[in-house]
K.L.:
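Mind looking over this structure? Questions follow.
Residue numbers start from 1 in every chain, and the chains themselves are labelled A, B, ... in the order their sequence lines are given, proteins ahead of strands. What you see is a predicted model, and the numbers here were worked out from it, not measured in a lab.
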Amino acid sequence: MAYHTDLAGTRHVFSDLKALLAAATPLRSGDVLAGIAATSAESRIAARYALADLPLATFLHDLVIPYENDEVSRLIIDSHDAAAFAPLAALTVGAFRDWLLAADGAAIAAAAPGLTPEMVAGVSKLMRNQDLVVVAAKLRVVTSFRNSLGLAGRLSSRLQPNHPTDDPAGIAASILDGLLLGSGDACIGINPASDSLASTATLLAMLDDIRLRLAIPTQSCVLAHVTTSIALIGRGAPVDLVFQSVAGTQGANHGFGIDLALLAEAAAAAQSLGRGSIGDNAFYVETGQGSALSAGAHHGVDQQTLECRAYGVARRFQPLLVNSVVGFIGPEYLYDGKQILRAALEDHCCGKLLGLPMGVDICYTNHAEADQDDIDSIMTLAGVAGVNFIMGVPGSDDIMLNYQSTSFHDVLYLRETLGLRPAPEFEDWLLASGITDSAGHIAATPLALALPALLDG
Amino acid sequence: MAELPARLVALTQARIGLTRTGQSLGTGSALAFELAHARARDAVHAAFDTDALHAAFKVIEVHSQAADRITYLQRPDLGRLLAIDDVHRLAPTGADTAIIVADGLSATAVARHAVPLLSALLPRLGGRLAPVVAAHQARVALGDAIGVALAVELVVILIGERPGLSAPDSLGAYITWNPRAGRLDSERNCVSNIRPPHGLGYAAAADRIAWLVHEARARRLTGVALKDESDSAPGLGGTRLQID
């Protein structure tokens, strides 16, 4: 059905719910590319007025992608928790924003199973950056495998030691550098250049060897396609976390070579290994605005709403880590530092609202209008918003994926400036290993630790 | 202050063992980063010079519908479509395999690596090869349109990858069986980071690509169903599926 609002005698009409959501979205290049962005600045605000008056329950019966056509829509509707939604059922989207700003974190978390991705996307379009920070900062989503991630006052990092030819010695050198700078509590995770079984198995064995020899309370991951991880689990490889990129439509997931049944199979395979010592969150999910448009499977829905639907997929599988890779996709989806910043805060807040352990890969490519100053601003705001983890890439320069992310030094900066600490089990290990001193600072040369011996083996 | 031994720093091109002051980067490391970023930005905007290709091979030049670099960067859809005026340049020749060299996001990569890689690759491919196509302002999927125009059953597109700070010249190869409009990313195989001496070398890359081409012909498919089981050095299938 159509939606409209009247502003000073002018009627603004939006042909259906997805058109309304798209028009209400803060400007970004991907929605322009898709031909669904607001046609003027005033029409964008008119859409927000109409959205503010929309009953929240509308999203349960007016679906942006029909139930019959898309298994993600079916998952969202079939798993909706009406009891959790009941306290919010009479609210409009605008009143929901007001409620979020006033509620405490426990009340919001209790409502999470009753929220659909589209409700969360909708309310976020009425929120300024400040609102996205203040709401997210109330929420703690704690997960565990070999350590506890997402606790208050903590900031973790994924140590990302990629290498363009998957060379084990080169990767080990980057891991060592990262550990010595206090990174790696979210996980040590390699994006492999090769998706081959043999190469992935080699990297998994190396990661497990390093972890065991140094007794590091963390988890490892090789971010291969989920079918590769399933095959390697079958061959007895030491898989801690199963990884997969996911998107918010069935068609985009098909483009990734996955569906919900395959994800369920992978989640079951990972959990069957029982490798977590203190918890069993064994899935690592990556997402990013624009992936469905990139795959030609966006159904005319704006990229931020579809990103929230990807979180709807992720929460089905109780992930340890959800990582919005926010600036990787390029300027045709998020043009510059301003758009990347907005998307980072939206993704973090919306993911937390849906009950997910959100991290953000705060990043940009060399064909985007962004630089290190943008990274600094985004990570600082994400830190204030309580992000669970960010990336730790040597010198911000990923030499395999060819983009810039946050560095080991950036993690130190954020912890120092905001008074944040690593995951408690990892913090204890850093201190016991002599990497940090009692104040939590990187100590003087900790090479007495026998780390380099690893590289001689 | 922790300093990584030089022998470890030498194991990778990654920026490890950087100078630190307080919790922050030292001035030298910070400036080195800024210089690399400036060079990568310049590579994105470099022009595609096809003279060396013409000198070595029979080449047909085509353009996408993205008229210039700024349009190309903001409109990937146009980079996937063949310019109307160029369709007539391509006609079926009885060939079954097309090789395309495309600027992508780094004409610098193509300028450095396309000719030596093709010299290693073409003798390994077998089949009936169409003339090499040089494609300007091209995305990976432009290869599908070219493949349709040439009526081939398989295309290999060599394309400049996104410039990285330490790798402004990395070339990727995408192999697509039965090219046609609407092919999904998961229906292609990729050999990436072709960039000797730091990335994959020409012979190793040519072996990989040729293995995939022969397997694709035998099994009549490409993509995630065709796992790389060749035993040479890695280089296949980036795990973040943003391919161009």
K.L.:
With a cut-off of 6.0 Å (strictly less than), are more than 12 heavy atoms of other residues, nucleotides or ligands near NE2 of B:H214?
P.N.:
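Counting neighbours around NE2 of B:H214, more than 12 heavy atoms of other residues, nucleotides or ligands fall under 6.0 Å, so yes.
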
K.L.:
side-chain contact (heavy atoms from CB on, under 4.5 Å) between A:E332 and B:L73: does it pass, once the steps are laid out?
P.N.:
CA-CA 7 Å; A:E332 60 270 39; B:L73 289 174; over 6 Å; no

K.L.:
Within the side chain of A:D177, is there an N or O that forms a donor-acceptor pair under 3.5 Å with the backbone of B:G17?
P.N.:
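Yes, A:D177 side chain to B:G17 backbone: donor-acceptor pair under 3.5 Å.
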
K.L.:
Is it true that a side-chain atom of A:T165 and a backbone atom of B:G199 form a donor plus acceptor pair closer than 3.5 Å?
P.N.:
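Not confirmed, A:T165 side chain does not pair with B:G199 backbone.
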
K.L.:
Can you confirm whether more than 12 heavy atoms, excluding those of B:R39, are under 6.0 Å from its CZ atom?
P.N.:
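It does not: B:R39 CZ has 12 such atoms or fewer within range.
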
K.L.:
If you round to the nearest 0.5 Å, how far is CD1 of B:I16 from CG of A:L176?
P.N.:
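Reported to 0.5 Å precision, the distance equals 7.5 Å.
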
K.L.:
Please identify, among A:Q404, A:H441, A:E416, the residue contributing the most non-hydrogen atom pairs under 4.5 Å to chain B.
P.N.:
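It is A:Q404.
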
K.L.:
Please flag which part of A:A368 lies under 4.5 Å from any non-hydrogen atom of chain B: side chain, backbone, both or neither.
P.N.:
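The answer is the backbone of A:A368.
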
K.L.:
Side chain from CB out, backbone as N, CA, C, O: work out which of these in B:S29 comes under 4.5 Å of a heavy atom of chain A, or both, or neither.
P.N.:
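Neither part, no heavy atoms under 4.5 Å.
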
K.L.:
Measuring heavy-atom distances to chain B, does A:T365 have an atom under 4.5 Å in its side chain, in its backbone, in both, or in neither?
P.N.:
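Just the side chain, heavy atoms under 4.5 Å.
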
K.L.:
Please report the closest heavy-atom contact between B:S186 and A:F256, naming both atoms and the distance.
P.N.:
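For B:S186 and A:F256, the tightest heavy-atom pair comes out as CB-C, 4.4 Å.
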
K.L.:
Using the six-membered ring of A:F328, assess whether NZ or CZ of B:R162 lies under 6.0 Å from its centre and within 45 degrees of the ring axis.
P.N.:
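Relative to the ring axis of A:F328, which defines the angle, B:R162 lies inside both limits.
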
K.L.:
Between B:Y72 and A:H367, is the ring centre distance below 6.0 Å?
P.N.:
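No, the ring centres sit 6.0 Å or more apart.
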
K.L.:
Using non-hydrogen atoms only, which part of A:Y335 is less than 4.5 Å away from chain B: side chain, backbone, both, or neither?
P.N.:
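Side chain only.
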
K.L.:
With respect to chain A, which residue among B:Q74, B:R41, B:E187 yields the maximal number of heavy-atom pairs within a distance under 4.5 Å?
P.N.:
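Looking at each of B:Q74, B:R41, B:E187 in turn, B:R41 comes out on top.
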
K.L.:
Does any part of the side chain of B:T12, heavy atoms only, come nearer than 4.5 Å to the side chain of A:I399, both counted from C-beta?
P.N.:
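SC-SC contact between A:I399 and B:T12 confirmed.
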
K.L.:
Could you state the interatomic distance from CD (B:Q23) to CD1 (A:I442), rounded to the nearest 0.5 Å?
P.N.:
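So the CD of B:Q23 and the CD1 of A:I442 are separated by 6.5 Å.
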
K.L.:
OG of A:S407 to CG of B:L25: how many Å apart, nearest 0.5 Å?
P.N.:
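Here the interatomic distance stands at 6.0 Å.
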
K.L.:
Could you check whether any side-chain N or O of B:R75 sits under 3.5 Å from a backbone N or O of A:L33, counting only pairs where one atom can act as donor and the other as acceptor?
P.N.:
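The answer is no, because no donor-acceptor pair under 3.5 Å joins these two groups.
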
K.L.:
CG of B:D185 to OG of A:S294: how many Å apart, nearest 0.5 Å?
P.N.:
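It is 6.0 Å, given to the nearest 0.5 Å.
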
K.L.:
If you tally heavy-atom pairs under 4.5 Å against chain B, which of A:N366, A:L412, A:V222 wins?
P.N.:
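If we count pairs closer than 4.5 Å to chain B, A:N366 comes out on top.
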
K.L.:
Judged by atom type as modelled, is there a donor-acceptor pair below 3.5 Å linking the side chain of A:N402 to the main-chain atoms of B:P163?
P.N.:
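No: the side chain of A:N402 does not pair with the backbone of B:P163.
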
K.L.:
First locate atom OG of A:S396, then atom CZ of B:R15, and finally report the distance between them rounded to the nearest 0.5 Å.
P.N.:
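Result: 9.0 Å between the selected atoms.
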
K.L.:
Taking the side chain as every heavy atom from C-beta outward, state whether B:Q13 and A:P394 have any pair of such atoms under 4.5 Å apart.
P.N.:
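No, side chains not in contact.
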
K.L.:
Please look at A:S291 and chain B and tell me whether the side chain, the backbone, both or neither of the residue comes under 4.5 angstrom of a heavy atom of that chain.
P.N.:
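Neither part.
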
K.L.:
When rounded to the nearest 0.5 angstrom, what distance separates CG in A:D397 from CG in B:L165?
P.N.:
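It is 4.0 Å, given to the nearest 0.5 Å.
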
